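Step one of this worksheet: look at the structure below.
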Amino acid sequence: MPKCLICESSFAPFISFGQMPIANGFLRPEERAEEYFFQMEVGFCERCGMVQLTEQPAREKMFHENYAFYSSTSRYMAQHFEKFAKDVQEKYTSSSDPFVVEIGSNDGIMLTHFAQQKMRHLGIEPSKNVAKVALEKGINTISEFFDEALAEKIVRENGQADAVLSANVMCHIPYLHSVAKGIKRLLKPKGVFQFEDPYLADIVEKTSYDQIYDEHYFYFSLQSVSHLFAMHGLELVDVAPQVTHGGSMRYTIAHQGAYTPSPAVTEFRAKEKAHGLHLPATYDRLRQNIERSRAELVDLLKRLRQEGKRIVGYGATSKSTTITNYCGITPDLVEFISDTTPIKQGKLSPGAHIPVRPYTEFSTNYPDYALLFAWNHAQEIMAKEEGFRLAGGKWITYVPQVSTFE
Ligand code: SAH
Ligand code: TMP
Ligand code: ZN
C-alpha cells in the first residue's frame with residue numbers, strides 16, 4: 001500500500017485512471033514512439049486528510065526548458081495576479097526594505113508588479129524557458145527547484161522575506177516537508193507565506209476530476225494544509241476562496257503564534273466537516289461521479305459524431321489530457337484542439353494524439369460544437385466568442401455536469 005507523503009500512514013487509492021502521459025507533454029508526430037506514461041491513481045489519507053497521487057513522474061520530466069504552460073496567456077489570470085500583488089503590498093510589505101519571494105513564478109505574471117514598484121523580489125522558476133521570459137522583463141529570477149537547501153541559500157544572500165508567495169505550485173511538489181522547512185527558515189518573525197491551489201472541496205463538488213494530472217500531486221484542504229505546516233512550527237492563519245482554476249483556496253501561513261487565526265479559518269474548517277471531506281465515503285462517491293461523467297461525455301460525443309457534427313476542442317489545457325485519455329477521446333471524435341499558445345500548435349495532444357492547431361483554424365471555420373477544455377476560463381472565452389454563438393455554434397462542457405449550451 002502507498003504511504004502518505006505527509007504523515008506516512010498507509011492508504012488505498014480510491015480511483016485509478018490507468019496509464020497517463022505527461023499532461024503538458026505536447027509532442028511532435030515523430031516523438032510518438034518515445035512517449036512516457038505512468039499509472040495514475042489517487043488516494044485519501046484518513047489520518048491527515050491529504051488527497052494525493054500514489055506515483056508521480058520525475059520532476060525533470062515535467063518542468064524543463066520546454067515547459068508548455070505560460071501563465072500570461074490568460075488575461076483574466078493577469079488581472080488576478082495584479083490584485084494578489086496589490087493585496088500583499090498593502091498588508092505585508094511595510095518594513096523599510098521589504099523582500100518578496102515567489103515560488104514557481106513562471107513568466108513573471110505576479111512579480112512584475114513588485115519589480116515595477118522597485119521592491120526587492122526574487123522569483124524561483126525551474127522551467128528555463130518561462131524563467132527566461134521573466135528575466136527579459138527585468139524580473140529577478142533564478143532557475144531552480146525550491147526546497148530547504150535553496151531557502152537557506154536565499155536567506156544567506158538576501159536575508160529573510162516579508163512575504164513568500166506561490167500560486168498553483170505547492171500542489172506540484174511531493175517533497176513538501178523540505179518546502180515547509182524552507183518556508184520556516186525564509187520567513188521573518190512576522191512574515192507570511194501565501195499560496196493558492198485548486199481546492200479539494202470544489203473538485204469534489206463539481207466532479208472536476210480533470211484537475212487530477214501528473215503535475216498535481218496533492219489536492220489540498222484546510223485540514224491537510226494545517227496538518228502539514230503544524231509539523232514544522234507554522235500555522236494556518238487565514239484562508240480566502242478564489243474563483244480561479246475552477247475554484248481555488250488561498251492559504252496564509254505564519255510562524256506559530258505570530259498572528260491570531262481569522263474567523264474564516266474556523267468557518268471553512270466547519271464547512272469541510274459538513275461536506276464530509278474527512279470521510280472515505282466522500283471519495284467513493286467522487287469515483288462514482290467521475291465514472292458517470294466519463295460515460296455521459298463519451299455517449300454525447302459519439303452521438304453527435306453519428307449525426308455528422310464536427311467537434312473541435314477549445315483550449316489544449318493540461319487538464320484536458322486527463323479527460324481525453326481517461327475517456328478515450330481520439331481524433332475521430334474531436335477533430336483538433338484550438339489553442340493560442342505557439343509552443344503547443346502543430347503538435348499532438350499527450351496520449352490521445354489529437355492535433356493542436358492555431359486559434360484561426362477555429363475562428364475561420366467554425367465547427368458545430370466546441371468542447372470547452374478551458375472551462376475554467378469560460379467567462380473570458382464566452383465574451384470573446386460571440387461570433388461562434390451567432391454562427392449557431394454550441395458548446396459542450398463536463399463541469400459540473402456533461403451538457404451542451406449556446
Ligand atoms: N504561478 C504560476 C505558474 C504555475 S505552473 C501561475 O499560477 O500561473 C507551476 C510552476 O511551478 C511551473 O512554472 C513550474 O516550473 C514551477 N515549479 C515546479 N516545481 C517547482 C519547485 N520545486 N520550485 C519552484 N517552482 C516549481
Ligand atoms: P489553463 O487552463 O491551464 O490556464 O490553460 C489554458 C490553455 O487554454 C492555454 O493553453 C491557452 C488556451 N486558451 C486558448 O486557447 N484560448 C483562450 O481564450 C484561453 C483563455 C485559453
Ligand atoms: Zn496522511
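Throughout, residue positions are numbered sequentially from 1 according to the sequence presented. Numbering of ligands and ligand atoms starts at 1, following listing order. Because the structure is a prediction, the values reported are computed rather than measured.
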On the ring face of [Y], is [X] found with NZ or CZ under 6.0 Å from the centre and within 45° of the axis?
X	Y	result
R59	F145	yes
K61	Y36	yes
K190	Y259	yes

Pair [X] + [Y], salt bridge at N-O below 4.0 Å:
X	Y	result
K91	D87	yes
K86	E90	no
E385	R389	no
E196	R250	yes
R310	D368	no
R185	E148	no
D332	R305	no
E144	K153	yes

Nearest protein heavy atom to [atom], by residue and atom, and its distance?
atom	answer
atom 12 (C) of ligand 2	D339 OD2, 3.1 Å
atom 5 (O) of ligand 2	T317 CG2, 3.6 Å
atom 4 (O) of ligand 2	H377 NE2, 2.8 Å
atom 14 (C) of ligand 2	T340 OG1, 3.5 Å

Pull out every atom of ligand 1 sitting under 4.0 Å from any heavy atom of [X], numbered as shown with elements.
X	answer
S71	2 (C), 3 (C), 6 (C), 8 (O)
F146	21 (C), 22 (N), 23 (N), 24 (C)
I124	24 (C), 25 (N)
I103	23 (N), 24 (C)

Atom indices of ligand 2 within 4.0 angstrom of [X] heavy atoms, with elements:
X	result
T341	9 (C), 10 (O), 11 (C)
K344	9 (C), 10 (O)
K319	2 (O)
N376	2 (O)
G315	8 (O)

Applying a heavy-atom cut-off of 4.0 Å, say which part of [X] lies close to ligand 2: side chain, backbone, both or neither.
X	result
F69	side chain
I381	side chain
K384	side chain

Any M77 heavy atom less than 4.0 Å from ligand 2: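 For ligand 2, residue contact (heavy atoms, under 4.0 Å) with M77 is absent.
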Y359 heavy atom under 4.0 Å from ligand 2: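 Judged by the 4.0 Å heavy-atom criterion, Y359 does not count as contacting ligand 2.
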Polar atom proximity, S74 to ligand 2 (N or O, under 3.5 Å):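 N/O-N/O distance below 3.5 Å does not exist for this pair.
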Nitrogen or oxygen atoms of T73 and ligand 2 under 3.5 Å apart: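 Between T73 and ligand 2, no N or O pair is found under 3.5 Å apart.
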Within-cut-off N or O pair, E144 and ligand 1, under 3.5 Å: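 No, since none of the N or O atoms of E144 sits under 3.5 Å from an N or O of ligand 1.
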Residue-ligand contact I173/ligand 1, heavy atom below 4.0 Å: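 Contact present.
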Full working for side chain to side chain contact (heavy atoms under 4.5 Å, CB included) between Y175 and K181: CA-CA 10 Å; Y175 41 97; K181 285 181 195 151; over 6 Å; no
F63/H172 aromatic ring centres below 6.0 Å: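 When the ring centroids of F63 and H172 are compared, they turn out to be within the sub-6.0 Å range.
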Pair F14 and F44, ring centroids less than 6.0 Å apart: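 No - the distance between ring centres of F14 and F44 does not fall below the 6.0 Å cut-off.
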Test item: protein heavy atom less than 4.0 Å from atom 20 (C) of ligand 2: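 Given the 4.0 Å limit, the answer for atom 20 (C) of ligand 2 is yes, a protein heavy atom qualifies.
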Any side-chain donor near an acceptor of the partner, T322 and D210, under 3.5 Å: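 No, D210 and T322 have no side-chain donor paired with an acceptor closer than 3.5 Å.
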For atom 22 (N) of ligand 1, the option (of F63, Y175, F69) bearing the nearest heavy atom: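 Looking at heavy atoms only, Y175 sits closest to atom 22 (N) of ligand 1.
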Option with minimal heavy-atom separation from atom 15 (O) of ligand 1, where the choices are E196, E125, H172: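 Shortest heavy-atom distance from atom 15 (O) of ligand 1: E125.
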Closer than 2.8 Å to the Zn ion (ligand 3) - protein N, O or S atoms, ordered by chain and residue number: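 Those protein N, O or S atoms (cut-off: under 2.8 Å from the Zn ion (ligand 3)) are C4 SG, C7 SG, C45 SG, C48 SG.
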Mutual orientation of the aromatic rings belonging to F81 and F84 [parallel < 30°, tilted 30-60°, perpendicular > 60°]: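 Ring orientation of F81 relative to F84: parallel.
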ring-ring contact (aromatic ring centres under 6.0 Å, His included) between H232 and F229, intermediate numbers included: CA-CA 5 Å; H232 300 280; F229 287 99; 7.6 Å; no
